[in-house]
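Here the structure comes first, spelled out in structure tokens, and everything after it is commentary.
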Amino acid sequence: AESINDKGMITGYYTDPTSGDAVGFVRSSAGKISTFALTKVIGTFAAAINSKGTIAGYYEDTGGELHGFVRSK
């Protein structure tokens, strides 16, 4: 886990054992886990979550370049 907000939502990333790519996740305060990944990238890295559930992070494209993203709830 990378970040937790004041409502108990947690975000972060893990390595998918099948693809080897990093995948983002968000865990609700009730315990439900949802995963997300951008397509055609090497990894999706969720780094922070605010009180409204908006997630900020970065991803690595297939050329090795890093880019930022914001994921709304």
Q) In Å and rounded to the nearest 0.5 Å, what is the CG to OG distance from Asn5 to Ser51? A) 6.5 Å
Q) Considering all heavy atoms of both residues, which atom of Ser3 and which atom of Ala47 are nearest to each other, and what is their separation? A) CB-O, 3.5 Å
Q. Looking at CG of Asp61 and CD1 of Ile42, how far apart are the two atoms once the value is rounded to the nearest 0.5 Å?
A. 7.0 Å
Q: With rounding to the nearest 0.5 Å, note down the distance linking CD1 in Ile10 to CD1 in Ile55.
A: 11.5 Å
Q.
Side-chain heavy atoms nearer than 4.5 Å, only ILVMFWY residues, links allowed to pass through others: does that put Val41 and Phe69 together?
A. yes
Q: Give the ring-plane orientation class for Tyr14 versus Phe25, where under 30° counts as parallel, over 60° as perpendicular and anything between as tilted.
A: tilted
Q | Value rounded to 0.5 Å, distance of CZ in Arg27 from CD1 in Ile49 | A | 11.5 Å
Q) Where is the tightest heavy-atom contact between Gly12 and Ala46, given as atom of each residue plus distance? A) O-CB, 3.3 Å
(Q) Tell me whether the rings of Tyr13 and Phe45 are parallel (<30°), tilted (30 to 60°) or perpendicular (>60°). (A) perpendicular
Q. Are any of the side-chain heavy atoms of Phe36 and Thr44 separated by less than 4.5 Å?
A. yes
Q: Find the distance between CD1 (Ile4) and NZ (Lys7) and round it off to the nearest 0.5 Å.
A: 13.0 Å
Q) Out of curiosity, Tyr59 OH to Glu65 CD, how far, rounded to the nearest 0.5 Å? A) 10.5 Å
Q) Below 4.5 Å, heavy atoms only, C-beta onward: do Val26 and Met9 meet side chain to side chain? A) yes
